[in-house]
2 protein chains.
Amino acid sequence: MKVSINDVARRAEVSIKTVSRVINNEPSVRAATRQKVVSAIEELGYQPNQAARNLARSRSYTIGFVYSNPNAYYVVSMQEGIIDVCQNSGYEVMIHPLPLQEQQAVADYLENLVTRTRLAGLVLTPPFSEMPELLSNLDNRNIEYVAIQSSAPSLGGERTVRVNDRAAAKNITSHLIDQGHQQIGFLRGDPTHYATQEREAGYREALLDAHLTVDESLIYSGQYSFESGSEGVNQLLSNSKKPTAIFASNDEMAAGALFRARLTGLEIPEQLAIAGFENSPYATQTWPQLTTATLPVADIAQLATQQLLARLSKRDNELDSEVTPELIIRGSTLPA
Amino acid sequence: MKVSINDVARRAEVSIKTVSRVINNEPSVRAATRQKVVSAIEELGYQPNQAARNLARSRSYTIGFVYSNPNAYYVVSMQEGIIDVCQNSGYEVMIHPLPLQEQQAVADYLENLVTRTRLAGLVLTPPFSEMPELLSNLDNRNIEYVAIQSSAPSLGGERTVRVNDRAAAKNITSHLIDQGHQQIGFLRGDPTHYATQEREAGYREALLDAHLTVDESLIYSGQYSFESGSEGVNQLLSNSKKPTAIFASNDEMAAGALFRARLTGLEIPEQLAIAGFENSPYATQTWPQLTTATLPVADIAQLATQQLLARLSKRDNELDSEVTPELIIRGSTLPA
DNA sequence: ATGAAAGCGCTAACAA
DNA sequence: TTGTTAGCGCTTTCAT
């Protein structure tokens, strides 16, 4: 039933060490010998036992994905990206959705997790990836990780993949301005994410660059949800000074806003232009479809995982990457 | 830095075997001894090394979640349910999204996976959970699993959690009939899932029970997507005989259908009633909100995982469960 | 109730 | 280039 390295060694008439060399692709094995071993492995259907390997090396080939995010699309896309890279490198991935907690509690939990399961490293997403104390805690405890952050000024520094939300938000807002809009509303998402501040900062910068004043009454504070977007547009439209365009912090909010606006009889984009952020499935399920910026979630996950694995195998390729979401113009801001 | 069972034994002045007994909650340890050990463990912050434990027991405490599903909400909900149960039992979960392949290829892949990582068992969802050959393959190879299926007649038999899609679909259709509808359209989803057939079967049964004839021209074959629902309603409405109500195979399709119907100026539900299936976030992001049936995904995942873990620990509690989604009536079928 | 010793299957020095 | 010999940290007989 279960075949071990000894069986292979016996069959190939070599020592177990040689077998070990072969399965680890070590160079110093003569081609002929290697061939004998490979054949034996195939004939026996041998699979190395990970547990034994992990124990011997006192390290594992499993990484943990740690997150706390209600956005199913985001979570699944991240997982896909991570697994993609892992599969090609022989790593497995364990998922760890966590409730939001104090940084200290999270750090303790993660240390516990890592020592217990001998996790090789962690991929962290917001909000955990943006908790400075948590990160330095992990640093101190020698836990390998990579943190995906909105490129807010110097949160953790090293070991990050940063998303330039600000630049992208600025591009979106500028696009609206280019369309002739002067009263541009902003729907702000959940403030626990840095991305929220960054997107707002981009919005403000674009207005200032165009010598437009920022009207605080055109800024609505909500959540990253459909309902919140719907509520937000409702509120902004009841202003004395109504917006002619709205930039929502993500597509789901934008979809909610668009939905509500159409219910009240507004023509989109003629009477109200609406833009989102993320290029999630929502963006193409409205009519007209949403102008937005592509947050390449799976790509980001891949970059992060590559960086982590590189560090784990000491190939310190310094993939200290930054990604800027690209503007996608669709019907919700541009008349057909 | 790293503290092992030896350190604990030394500190507690007992043998490592006694420490082992304590961490495994074996009964035959005197209370006083146990206390000494527990203290030592706490003082040292000892964490058993899973890899060593797995190796010694030649089995692991990790289960795999295997799926192939584009519905992010479904996937994340399943994961939540599985993790919920696992956390309380000291199990970890590894995720394995797979491309759709031949049953044989999947079986080979899974056997490889299980022997390599010594996975304790698998949670399978459609379509894998509904491939008879695959399941008997796993049976033969002594791989533990639990299969979540739509309760189609005798697919795998044992080791399943079944969802009674048919009964639920029948309830939804009957509800539409109760509202006086006689021309009820059906939007069929992707045929690779048994759930699709079952939901259609429920639709047909309800019509027959009410002595209504099934009009095949009112049945549209599509995918479980927003776009497909939109396309489907479009097609059905171009019929000479138009439906006054539509039952879509899932909420996403229903949302697409509702969306398109409203675009063409129809009043919902007065001119067209629409019902979905799943009670996903889509169901409450339309206006009016969708009548649907609750597919309690996370609950199903919990049941499945409990069953699997019970079997793994020989507590053969025969939790051979069945779940019937419950009808939820909302504005899309019932005038305010 | 407790302990000694022999593995679990592999990798890591070190030799040869 | 290949093999020998210790472990990695825990569980399991089998004694005591």
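Throughout, a chain's letter reflects where its sequence line sits, starting with A, and its residues are numbered from 1. The figures here come from the full heavy-atom set of this structure, side chains too, leaving out hydrogens, waters and symmetry mates.
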Taking the minimum atom-to-atom distance to the side chain of Arg57(B), which one of dT11(D), dC10(D), dT11(C) wins? dT11(D)

Atom CD of residue position Glu102(A) - does it have more than 12 heavy atoms of other residues, nucleotides or ligands inside 6.0 Å? no

Check every atom of dG9(C), dG3(D), dT11(D) against the side chain of Lys17(A) and return the nucleotide holding the closest atom. dG3(D)

Ile5(A) CD1 to dG3(D) C1', in whole Å, measures 13 Å

Would you tell me if any nitrogen or oxygen in the side chain of Ser15(A) comes within less than 4.0 Å of OP1 or OP2 on dT2(D)? no

Hey, does Asn54(A) reach any base, or is it just sugar-phosphate, or nothing, if we go heavy atoms under 4.0 Å? nothing

For dC8(C), does OP1 or OP2 lie under 4.0 Å from any side-chain N or O of Ser58(B)? no

Starting at atom CD of Gln50(B), determine the distance to atom C1' of dC8(D), rounded to an integer number of angstrom. 15 Å

Which one, dT11(D), dC10(C), dG3(C), comes nearest to the side chain of Ala52(A)? dC10(C)

When you measure from the side-chain N and O atoms of Arg30(A) to the phosphate of dT1(D), is any distance below 4.0 Å, counting only OP1 and OP2? no

Check the distance between dG3(D)'s P and Glu26(A)'s CD and give it to me in whole angstrom. 14 Å

Tell me if a side-chain donor or acceptor on Ser68(A) pairs with a main-chain N or O of Pro99(A) at a distance below 3.5 Å. no

Gap between atoms CG and P, on Leu55(A) and dA6(D) respectively (whole Å): 18 Å

Pair Glu92(B) + Arg116(A): basic N to acidic O under 4.0 Å: yes

Using whole Å, report how far CZ of Arg53(A) lies from C1' of dA12(C). 14 Å

Just to confirm, is there a sub-4.0 Å distance from OP1 or OP2 of dG9(D) to any side-chain nitrogen or oxygen of Asn6(B)? no

Applying side-chain contact (heavy atoms from CB on, under 4.5 Å) to Thr33(A) and Thr18(A), what does each step give before you reach the verdict? CA-CA 8 Å; Thr33(A) 316; Thr18(A) 299; 3.8 Å; yes

Using a cut-off of less than 4.0 Å, is there contact between a side-chain N or O of Ser28(A) and OP1 or OP2 of dT2(D)? no

Rounded distance (Å) that lies between atom P of dG7(D) and atom CZ of Arg59(A): 22 Å

Looking only at side-chain atoms of Ser4(A), point me to the closest of dG3(D), dG3(C), dC10(C). dC10(C)

Could you say whether Ile16(A) or Ala31(A) is positioned toward the 5' end of DNA chain D, judged by the nucleotide with the nearest heavy atom to each? Ala31(A)

Is there, by distance only and without an angle test, a donor paired with an acceptor across the side chain of Arg21(B) and the base of dT2(C) below 3.5 Å? yes

Quick one: does any side-chain atom of Ser58(B) pair with a main-chain N or O of Leu55(B) as donor and acceptor, under 3.5 Å? no

Round to the nearest Å and state the distance from Glu13(A) atom CD to dT1(D) atom P. 21 Å

Can you check whether Tyr46(B) has a side-chain N or O nearer than 4.0 Å to OP1 or OP2 of dC10(D)? yes

Gln47(A) CD to dC8(C) P, straight-line distance once rounded to whole Å: 20 Å

Between dG9(C), dG3(D), dG9(D), which nucleotide has the shortest distance from any of its atoms to the side chain of Ala56(A)? dG9(C)

Side-chain ion pair, Glu13(A) and Lys36(A), N-O less than 4.0 Å: no

